[in-house]
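Treat the numbers as computed from the prediction; the structure is a model and nothing was measured.
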Amino acid sequence: MQEMLFCKVACYTMIISSVICALFRWFHMCRPYNLNPSYFYPSRKLVVVAFVSSLLLTPYLFHYDSHDTWLFTKSFMLFFMPVFGTLSFRSFFFGVTATWIRHYLLLLVLPMAVLATLFVFACIGGNYLDVDGFGEHEIVLAASSVLAVKMILTTRWLFRKINEFVRGEYSNEEDFPLVFAKMVIYIPFWVWVLAIMVFLADSHIVNAIYFISISVLCIGITILILHPQRRECEVMTKDIENEALNARVATQSSSSISDAVKEKIEHQIRDMIEDDRLYLDPKFNKTILAERLGTNRTYLSVVFRERFGSFYCYVNTLRILYALSYLEQHPKATQTEVAAKSGFGTTKTYAKVKKLYEAGELK
């Protein structure tokens with residue numbers, strides 16, 4: 001009785017902690033990164049779905065003595081971790097393409113059919129799969145291994161990307177979260193290996209300890225990813241702090257700047273940025289513009305707020321328009337080439353801004 005209570009409490013703890021983590025991950029986004037969640041939190045939706053999927057373990061709370069429910073429960077992480085590990089790494093570090101998703105879904109058909117079948121029997125709560133010579137354990141391990149191959153390959157690709165970045169094969173403009181990658185690269189693999197050990201141990205107590213460990217891991221991962229793991233974040237935070245300061249000063253100074261001065265600065269900005277195409281420099285920022293114009297950032301803040309909307313949107317709109325024009329002239333150009341020619345530091349930044357532009361949100 002005590003063993004059963006402990007095991008159920010462990011399972012319940014994992015389910016509740018995972019759901020709480022899902023709620024935090026979905027509703028909590030640090031400002032100002034919440035303005036562009038697809039960039040700063042690229043795996044947010046996937047992580048939420050992954051956490052919520054722990055609800056599939058609910059049958060274990062009601063059919064503890066069922067052979068079929070126990071088979072599903074101890075098999076769950078064998079299927080879950082390779083899928084989650086692969087998809088999360090792909091979406092966060094590489095960007096998941098539609099072609100790759102279709103390819104991966106084809107590989108998922110058989111393993112997921114096995115898991116779905118086990119789940120149905122787990123909900124029934126009987127002992128229908130407890131048949132001599134059926135080989136359910138071999139089927140589960142084989143199906144999990146198929147998924148694990150993709151996870152291992154994805155881990156290998158991430159390992160190569162880390163090494164390439166460390167060796168300097170990527171430019172400083174590459175927005176790659178190196179520290180975060182090093183922290184999480186082997187987590188899916190080792191969690192899967194432990195899941196195999198739990199499966200082979202065939203012990204409710206061992207499985208309960210594993211569930212408690214996963215609960216702790218979920219909480220730790222959630223805390224870690226609440227803040228965007230992007231190199232651009234630190235720069236963006238400083239820029240926003242400076243912008244906020246400049247905005248307060250600008251509000252006080254706006255009335256002291258004559259319309260003639262504002263008009264003059266506006267024309268200088270347009271002449272310098274548009275005619276000289278300063279926006280094609282990926283390192284171009286407001287500080288550089290202020291130095292070139294021989295004015296201060298406070299005056300620029302006033303003019304941009306009143307005449308342009310924002311420096312970010314103005315410059316990136318020019319870059320996107322240039323990119324579209326470049327594509328018309330060079331229809332065979334790659335995304336990397338278009339991004340580099342248009343002043344974007346990375347293809348990810350180009351894709352992010354293009355998406356905002358097409359959605360009419362780059363204002």
Legend entry - Under 3.5 Å donor-acceptor, T86 side chain and V83 backbone: no
Legend entry - Non-hydrogen side-chain atoms of M77 and L194 separated by less than 4.5 Å: no
Inset, instruction - May I ask you to test the H67-E136 pair for a side-chain heavy-atom distance under 4.5 Å? - result: yes
Legend entry - Step-by-step side chain to side chain contact (heavy atoms under 4.5 Å, CB included) determination, Y322 to Y279: CA-CA 10 Å; Y322 184 89; Y279 58 87; 3.9 Å; yes
Legend entry - Donor-acceptor pair, side chain of T317 and main chain of C313, under 3.5 angstrom: yes
Inset, instruction - Compute the ring centroids of Y326 and H330, then answer whether they are less than 6.0 Å apart. - result: yes
Legend entry - Heavy-atom side-chain proximity of F344 to R319 below 4.5 angstrom: yes
Inset, instruction - Mark yes or no for whether H63, through its side chain, and C123, through its backbone, hold a donor-acceptor pair below 3.5 Å. - result: yes
Inset, instruction - Could you tell me whether the side chain of D281 and the main chain of K283 form a donor-acceptor pair under 3.5 Å? - result: yes
Legend entry - Minimum heavy-atom distance C218-S18, with the two atoms named: SG-OG, 4.1 Å
Legend entry - L217-L57 co-clustered via ILVMFWY side chain contacts under 4.5 Å: yes
Inset, instruction - Would you name the heavy atoms of L158 and A181 that are closest together and state the gap between them? - result: CD1-CB, 4.3 Å
Inset, instruction - Evaluate the side chain to side chain contact (heavy atoms under 4.5 Å, CB included) criterion for residues Y12 and L61: first the C-alpha distance (whole Å), next the side-chain angles of each, then the deciding distance (0.1 Å), finally the verdict. - result: CA-CA 8 Å; Y12 184 76; L61 299 174; 4.1 Å; yes
Inset, instruction - Determine the minimum heavy-atom distance between Y350 and A323, stating which atoms define it. - result: CE1-CB, 3.8 Å
Inset, instruction - Taking S54 for its side chain and F51 for its backbone only, find out whether a donor-acceptor pair lies under 3.5 Å. - result: yes
Inset, instruction - For residues M151 and M81, report the shortest heavy-atom separation together with the two atoms involved. - result: SD-O, 4.0 Å
Legend entry - Side chains of I221 and I187 in contact at under 4.5 Å (non-hydrogen atoms): yes
Legend entry - Side-chain heavy-atom pair I219, C21 within 4.5 angstrom cut-off: yes
Inset, instruction - For D68 and L129, indicate whether the former's side chain and the latter's backbone hold a donor-acceptor pair under 3.5 Å. - result: yes
Legend entry - salt bridge (Lys or Arg N to Asp or Glu O under 4.0 Å) involving R156 - partner list, sequence neighbours excluded: none
Legend entry - ILVMFWY network linking L23 to L56, side-chain heavy atoms under 4.5 angstrom: yes
Legend entry - Candidate pair V47 and F84, rule side chain to side chain contact (heavy atoms under 4.5 Å, CB included), full reasoning: CA-CA 8 Å; V47 170; F84 173 66; 4.3 Å; yes
Legend entry - Under 3.5 Å: donor-acceptor pair, side chain of R25, backbone of I225: yes
Inset, instruction - Answer whether the closest heavy-atom distance between the side chains of N127 and S66 falls below 4.5 Å. - result: yes
Legend entry - Common cluster, V49/V52, ILVMFWY with side-chain heavy-atom separation under 4.5 Å: no
Inset, instruction - Would you check if the side chain of S53 reaches a backbone N or O of A50 as a donor-acceptor pair within less than 3.5 Å? - result: yes
Legend entry - Atom of D271, atom of D275 and distance for their closest heavy-atom approach: O-CB, 2.9 Å
Legend entry - Student check: side-chain heavy atoms of T69 and F62 closer than 4.5 Å: no
Legend entry - Sole candidate of V140, L147, L115 that passes side chain to side chain contact (heavy atoms under 4.5 Å, CB included) when paired with L78: V140
Legend entry - Close aromatic pair by centroid cut-off 6.0 Å: F180 and F92: yes
Inset, instruction - Determine, for E266 against R270, whether the closest basic-nitrogen to carboxylate-oxygen distance falls under 4.0 angstrom. - result: yes
Legend entry - Side-chain donor or acceptor of R44 paired with backbone N/O of W26 under 3.5 Å: yes
Inset, instruction - State, to 0.1 Å, how close W192 and S145 come at their nearest heavy-atom pair, and which atoms those are. - result: CZ2-CA, 4.5 Å
Using distance only, find each side-chain donor-acceptor pair of residues 197-216 under 3.5 Å and give its atom names and separation, not counting sequence neighbours.
| residue | atom | partner | partner atom | Å |
| --- | --- | --- | --- | --- |
| D202 | OD1 | W70 | NE1 | 2.7 |
| D202 | OD1 | K74 | NZ | 2.7 |
| S203 | OG | I205 | N | 3.3 |
| S203 | OG | V206 | N | 3.3 |
| H204 | ND1 | Y60 | OH | 2.7 |
| Y210 | OH | V191 | O | 2.9 |
| S213 | OG | I209 | O | 3.0 |
| S215 | OG | M14 | N | 3.4 |
| S215 | OG | S17 | OG | 3.4 |
| S215 | OG | F211 | O | 2.9 |

Legend entry - Y314 vs I269 side-chain heavy atoms within contact, under 4.5 Å: yes
Inset, instruction - Could you please spell out the steps behind the side chain to side chain contact (heavy atoms under 4.5 Å, CB included) verdict for N163 and F159? - result: CA-CA 6 Å; N163 285 340; F159 180 77; 3.0 Å; yes
Inset, instruction - Treating Ile, Leu, Val, Met, Phe, Trp and Tyr as nodes and any side-chain heavy-atom pair under 4.5 angstrom as an edge, say whether F27 and L224 lie in one connected cluster. - result: yes
